[in-house]
Number of protein chains: 2
Amino acid sequence: MHNKIFQNFLGRKGLKMTRERFAVLEEVFSAPSHFDPEQLYARIRASALKASRASVYRTLSLLVESGLVEKVSRSGRGNIYEHTYGRRHHDHMICDVCGEIIEFYSENLENLQLDICGSNNFEGMSHTLEIRGHCENCRD
Amino acid sequence: MHNKIFQNFLGRKGLKMTRERFAVLEEVFSAPSHFDPEQLYARIRASALKASRASVYRTLSLLVESGLVEKVSRSGRGNIYEHTYGRRHHDHMICDVCGEIIEFYSENLENLQLDICGSNNFEGMSHTLEIRGHCENCRD
DNA sequence: AGTCCAATTGAAATTAAATCTCAATTTCAG
DNA sequence: CTGAAATTGAGATTTAATTTCAATTGGACT
């Protein structure tokens, strides 16, 4: 469970599980899988378990470090995160018009990337592919 | 020549070629292919053909729209751009250890992405693929 | 349960990137 | 040349994220 995983991660780093970190953790995993930090902060302010903006940002970094959360996109102004626990890796299409995010996964694409890394003697450890354009509803 | 291309682009949009836009254009194409807007602005301040920060940002948007420049995603704070005139589209591998950037291009990869867009009824207009890991020199 | 101390917190200030405002200036079509 | 429309720049503003630091808290160890 994400709770336990984060706990262990903190333990390994000599950090403490505080009520604020717990609040952020809970909110992240009850939020839609994609979210931005300010949305998250607003939700937390409105919830029972509060945390300050500073703590939200600080905890978010820890969650990324722990692997429970990933930073997804940098195409707009701020960052977008996604909680990834128990979910398979995937990439994203983002509609420039309405902002919709479509997730996709392609085995072929993954293999092709492995090949490309191989022929460059590069040890790929993670990647982000973001395709921008117009979604089904927004194309004329 | 990028000069003429930008001129035409502006013409098509009913915009004017000003000395400031020219200054930005020139500096973009004499800069290293990857740059960030503040670097660019600093270079322009130091050059003969000046332009304000506002004009630098405004012109940069136009250059992206014209296709002469692309926004390259990055993990830090601000954006990174790259001038692409006369250069084929490519993606990037970034070494987490030494920061080296390796450019690569794969026809198969491009086609595969077209397929994926097609099957999602998505009109892909641009994409960014960033593979992070260890380069040849930094592995092991 | 109590002590201790490093880790943590929050409010507010700060940094940083990018955009906006608007009076003055410039471009360029006619 | 002229004039309307586009553009500019200085500085204010917005937005995202980080930093500061005195006060508080978690939890290891008795």
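Letters go in sequence order (proteins before strands), and every chain restarts at 1.
Transitive grouping of hydrophobic side chains (ILVMFWY, heavy atoms separated by less than 4.5 Å) brings B/Val28 and B/Leu49 into a common cluster.
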Write out a two-atom table: protein N or O, nucleotide N or O from nucleotides 13-15 of chain C, distance below 3.5 Å.
none

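Taking the side chain to side chain contact (heavy atoms under 4.5 Å, CB included) definition, one finds that B/Lys13 meets it with B/Phe9, B/Leu15, B/Glu65, sequence neighbours left out.
There is a side-chain donor-acceptor pair under 3.5 Å between B/Ser126 and A/Arg132. Side chain to side chain, B/His90 and B/Glu82 meet the donor-acceptor criterion of an N or O pair below 3.5 Å. With 3.5 Å as the limit, one finds no donor-acceptor pair spanning the side chains of B/Glu130 and B/His92. When only modelled atom types and interatomic distance are considered, A/Tyr57 and A/Glu38 share a side-chain donor-acceptor pair under 3.5 Å.
Across the protein-nucleic acid pair, A/Ile80 atom CD1 and D/dA17 atom C1' stand 16 Å apart, rounded to whole Å. To the nearest angstrom, P of D/dT18 lies 15 Å from OH of A/Tyr41. B/Gln39 has its CD atom 15 Å from the P atom of C/dA16, to the nearest Å.
Of the residues in residues 47-62 of chain B, those with a non-hydrogen atom less than 4.0 angstrom from any atom of DNA chain C are B/Ala54, B/Tyr57, B/Arg58. Heavy-atom distances under 4.0 Å link DNA chain D to B/Leu15, B/Lys16, B/Thr18, B/Glu20, B/Arg21 of residues 5-29 of chain B, given in residue order.
Taking each heavy atom of B/Cys135 and B/Cys95 in turn, the nearest pair found is N-SG, 3.4 Å.
Every pair passing side chain to side chain donor-acceptor pair (under 3.5 Å) that includes a residue from residues 105-115 of chain A is listed here, sequence neighbours excluded: A/His89-A/Glu110, A/Tyr105-A/Glu107, A/Gln113-A/His127.
No more than 12 heavy atoms of other residues, nucleotides or ligands lie within 6.0 Å of CZ in A/Arg45, so this atom counts as exposed by the packing criterion.
When the side-chain nitrogen and oxygen atoms of B/Asn79 are compared with OP1 and OP2 of C/dA18, one or more of them lie within a distance under 4.0 Å.
Looking at B/Leu63 and B/Leu25, their side chains come closer than 4.5 Å, going by heavy atoms from C-beta outward.
Distance check, rounded to the nearest 0.5 Å: CD1 of B/Ile101 to CD1 of B/Ile94 gives 5.0 Å. To the nearest 0.5 Å, the span separating OG on A/Ser55 from NZ on A/Lys50 amounts to 14.0 Å.
Note: B/Phe35 and B/Tyr81 have parallel aromatic rings, judged against thresholds of 30 and 60 degrees for the angle between ring planes.
From one end of the helix from C/dA1-D/dT30 to C/dG30-D/dC1 to the other, with five pairs defining each end axis, the axis direction shifts by 40° (rounded to 10°).
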